[in-house]
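First up is the structure itself, then whatever we jot down about it.
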Number of protein chains: 2
Amino acid sequence: MQDFTRSAGGSAPLLEAALRQFAAVGFDGASLQRIADEAGMSKSSVLYHFGSKESLLDAALRPAVDDLRPLLAALGGIADEGSQRAFLERFVDYLYEHRLAVAVLINHGQALAGHAVIDEADALVRDLSTRLTPAGSHDRDTVRFGVALAGAAFVLVAADRWSAAPLPPVEVRAVLVDVLGELVLAQPAPSA
Amino acid sequence: MQDFTRSAGGSAPLLEAALRQFAAVGFDGASLQRIADEAGMSKSSVLYHFGSKESLLDAALRPAVDDLRPLLAALGGIADEGSQRAFLERFVDYLYEHRLAVAVLINHGQALAGHAVIDEADALVRDLSTRLTPAGSHDRDTVRFGVALAGAAFVLVAADRWSAAPLPPVEVRAVLVDVLGELVLAQPAPSA
DNA sequence: TGAAGTCCTGCACGATCGGTCAGCCTACTG
DNA sequence: CAGTAGGCTGACCGATCGTGCAGGACTTCA
């Protein structure tokens with residue numbers, strides 16, 4: 001029995017091209033032809049490596065999903081403010097490293113529900129959400145979490161879409177750490 | 001000379017179906033056939049009303065773009081904290097009313113650059129961005145604006161994607177007003 | 001009654017979609 | 001040298017894409 005979906009050999013540029021396309025125009029909107037062109041190979045080669053478009057999506061998102069798991073594990077015992085900030089920095093770095101995959105999950109995830117990778121990732125994010133807004137959390141915390149995650153995901157992909165000059169990634173990272181801290185940690189008691 | 005693109009007659013459900021599809025799977029991913037099915041008509045009827053897929057996108061996004069202009073005008077003289085909050089409430093209401101169109105602009109705008117409506121909307125958002133982060137604004141403010149806008153847009157479309165129970169829109173609105181205020185108005189001086 | 005106009009549809013088109021398959025080329029193994 | 005396995009490709013398939021077009025159903029007006 002040969003392996004059903006050939007594991008990625010020298011197909012890294014293919015995965016990057018696929019991620020770019022999926023993030024830009026969505027899974028349905030992306031075509032294997034364009035992905036192949038962008039990676040400098042033929043459409044047949046793409047299907048040779050991954051067997052199907054859905055397998056390509058799985059392979060492209062897999063690293064982001066797998067890297068999210070240890071992050072959740074590290075969230076176990078966080079009490080003092082120092083370890084909170086350390087976790088935030090690690091989380092922002094994760095979002096940056098996998099920004100294209102995260103953008104696909106956030107922006108196109110709802111339309112892709114049912115695909116194995118998407119459901120898996122959604123479960124992890126749901127877990128992250130309930131961990132960051134624990135106990136008898138208010139809807140307020142859930143909304144703030146959503147704004148933080150989707151906002152960060154957007155900025156990391158289109159940081160300077162409406163700015164005059166490109167934004168330096170280092171500064172974006174610092175600001176995001178601050179903003180996420182404000183949004184999901186140590187919120188001041190609501191006025192009401 | 002007959003009108004080139006017939007103006008929308010009783011085609012409101014068509015525009016709603018189109019917006020839903022565009023927001024869900026993007027412009028390229030959405031098919032006229034599915035939009036037509038969802039609106040209960042034939043694909044030919046869609047093209048009868050709007051002439052082309054691109055014209056349909058234009059018609060679907062037009063109200064959101066047009067309603068954004070008076071909002072920008074109202075941003076002219078805002079000084080005291082009261083009018084700031086009033087503007088924020090009006091802005092959140094705008095985002096909610098046009099949440100599907102806003103989602104299309106935020107999530108798929110980059111891929112749709114070149115289309116007239118998109119460029120027009122982008123110019124308006126750029127204007128909004130520079131007005132809210134005025135004078136010698138830091139990159140910091142631009143990032144915070146991006147997080148606020150994209151985060152709000154996401155929550156208004158997928159508020160309860162990772163929450164156990166659906167979130168009441170009234171409460172989402174209140175929280176968003178608070179959050180947007182924290183992110184784009186009266187930011188405390190950065191620690192550095 | 002018939003001409004005109006509006007709304008809608010089925011059919012047909014070329015292009016492109018995801019996917020299958022036979023076969024070419026290179027490299028390694030005996 | 002022959003054999004074989006892996007990487008890659010073009011030709012091709014049926015389905016679906018956006019679009020053009022002719023015409024049917026219904027209303028309005030002369």
Side-chain angles (χ1 to χ4, degrees), chain A residues 1-61 104 108 111-112 114-118, chain B residues 1-61 104 108 111-112 114-118:
Chain A
M1 179 190 297
Q2 85 282 6
D3 51 347
F4 177 63
T5 300
R6 279 86 159 180
S7 57
S11 52
L14 230 168
L15 287 177
E16 298 171 15
L19 265 186
R20 273 194 301 268
Q21 283 298 307
F22 291 154
V25 294
F27 180 73
D28 292 319
S31 81
L32 294 179
Q33 185 66 66
R34 178 177 288 268
I35 293 172
D37 290 348
E38 200 169 317
M41 14 180 25
S42 70
K43 189 175 66 167
S44 301
S45 274
V46 180
L47 287 164
Y48 164 77
H49 279 294
F50 298 100
S52 72
K53 193 184 181 184
E54 176 157 2
S55 295
L56 177 58
L57 175 72
D58 186 294
L61 297 184
V104 172
H108 311 288
L112 297 177
H115 298 242
V117 211
I118 303 289
Chain B
M1 179 189 297
Q2 85 281 7
D3 51 348
F4 177 62
T5 300
R6 280 85 160 182
S7 58
S11 52
L14 230 167
L15 287 176
E16 298 172 16
L19 265 184
R20 273 194 301 269
Q21 284 297 306
F22 290 154
V25 295
F27 179 73
D28 292 320
S31 80
L32 294 179
Q33 185 66 65
R34 180 178 285 270
I35 292 172
D37 291 347
E38 200 169 317
M41 13 180 26
S42 73
K43 190 174 61 166
S44 299
S45 275
V46 179
L47 286 165
Y48 164 77
H49 280 293
F50 299 100
S52 74
K53 194 184 182 186
E54 178 157 0
S55 296
L56 177 58
L57 175 73
D58 187 292
L61 297 184
V104 172
H108 309 288
L112 296 177
H115 298 243
V117 211
I118 303 289

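Just so it is clear: chains get the letters A, B, ... in the order the sequence lines come, proteins before strands, and each one is counted from 1.
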Problem set entry | Qualifying residues under side-chain hydrogen bond (donor to acceptor under 3.5 Å, both in side chains), relative to Ser44(A), sequence neighbours excluded | none

Spacing of [X] atom [atom1] relative to [N] atom [atom2], expressed in whole Å:
X: Ile35(A); N: dC17(C); atom1: CD1; atom2: P; result: 10 Å
X: Leu32(A); N: dG10(D); atom1: CG; atom2: P; result: 15 Å
X: Phe50(B); N: dC7(C); atom1: CZ; atom2: P; result: 12 Å
X: Leu14(B); N: dT9(C); atom1: CG; atom2: P; result: 10 Å
X: Arg34(B); N: dC17(C); atom1: CZ; atom2: P; result: 18 Å
X: Lys53(A); N: dG19(C); atom1: NZ; atom2: P; result: 8 Å

Problem set entry | Test item: Leu47(B) and Leu56(B) side chains (from C-beta on) under 4.5 Å apart, heavy atoms | no

Problem set entry | Within 6.0 angstrom of Arg34(A) CZ, more than 12 heavy atoms from elsewhere | no

To the nearest 0.5 Å, what is the distance between [atom1] ([X]) and [atom2] ([Y])?
X: Tyr48(B); Y: Leu14(B); atom1: OH; atom2: CG; result: 12.5 Å
X: Glu38(B); Y: Glu16(B); atom1: CD; atom2: CD; result: 10.0 Å
X: Glu54(A); Y: Ile118(A); atom1: CD; atom2: CD1; result: 9.5 Å

For this session: Return the nearest nucleotide to the side chain of Gln33(A); candidates are dT19(D), dC17(C), dT9(D).
Result: dC17(C)

Problem set entry | Out of dC17(D), dC8(C), dG19(C), whichever nucleotide has its closest atom nearest the side chain of Met41(B) | dC8(C)

Below 3.5 Å is the cut-off: list the nitrogen or oxygen pairs between protein and nucleotides 10-13 of chain C, distance only.
{"residue": "dG10(C)", "atom": "N7", "partner": "Ser44(B)", "partner atom": "OG", "Å": "3.1"}
{"residue": "dG10(C)", "atom": "O6", "partner": "Ser44(B)", "partner atom": "OG", "Å": "2.5"}

Of all the heavy-atom pairs spanning [X] and [Y], show the shortest one and how long it is.
X: Ala59(A); Y: Phe50(A); answer: CB-CE2, 3.6 Å
X: Ile35(B); Y: Ala17(B); answer: O-CB, 3.8 Å
X: Ala111(B); Y: Ala24(A); answer: CB-O, 3.2 Å

For this session: Nearest-nucleotide wise, let me know which of Gly40(B) and Glu54(A) is further upstream toward the 5' end of DNA chain C.
Result: Gly40(B)

Problem set entry | Structure string for DNA chain C in dot-bracket form, Watson-Crick and G-U at under 3.5 Å, | interchain | ||||||||||||||||||||||||||||||

Exercise. Among residues 21-30 of chain B, which contact DNA chain C at a heavy-atom distance under 4.0 Å?
Worked result: none

Problem set entry | Side-chain (Lys53(B)) to main-chain (Ala30(B)) donor-acceptor, under 3.5 angstrom | yes

For this session: Mind checking ring-ring contact (aromatic ring centres under 6.0 Å, His included) for Phe27(B) and listing every partner two or more places apart, or none if nothing turns up?
Result: Phe22(B), His115(B)

Can you tell me if the side-chain N/O atoms of [X] get under 4.0 Å from OP1 or OP2 in [N]?
X: His49(A); N: dG7(D); result: no
X: Tyr48(B); N: dC8(C); result: no
X: Ser45(B); N: dT9(C); result: yes

Exercise. Touch check for Ser31(B), heavy atoms < 4.0 angstrom, all strands: base, sugar-phosphate only, or nothing?
Worked result: sugar-phosphate

For this session: With sequence neighbours excluded, tell me which residues meet salt bridge (charged side-chain N to carboxylate O under 4.0 Å, His left out) with Asp58(A).
Result: Arg62(A)

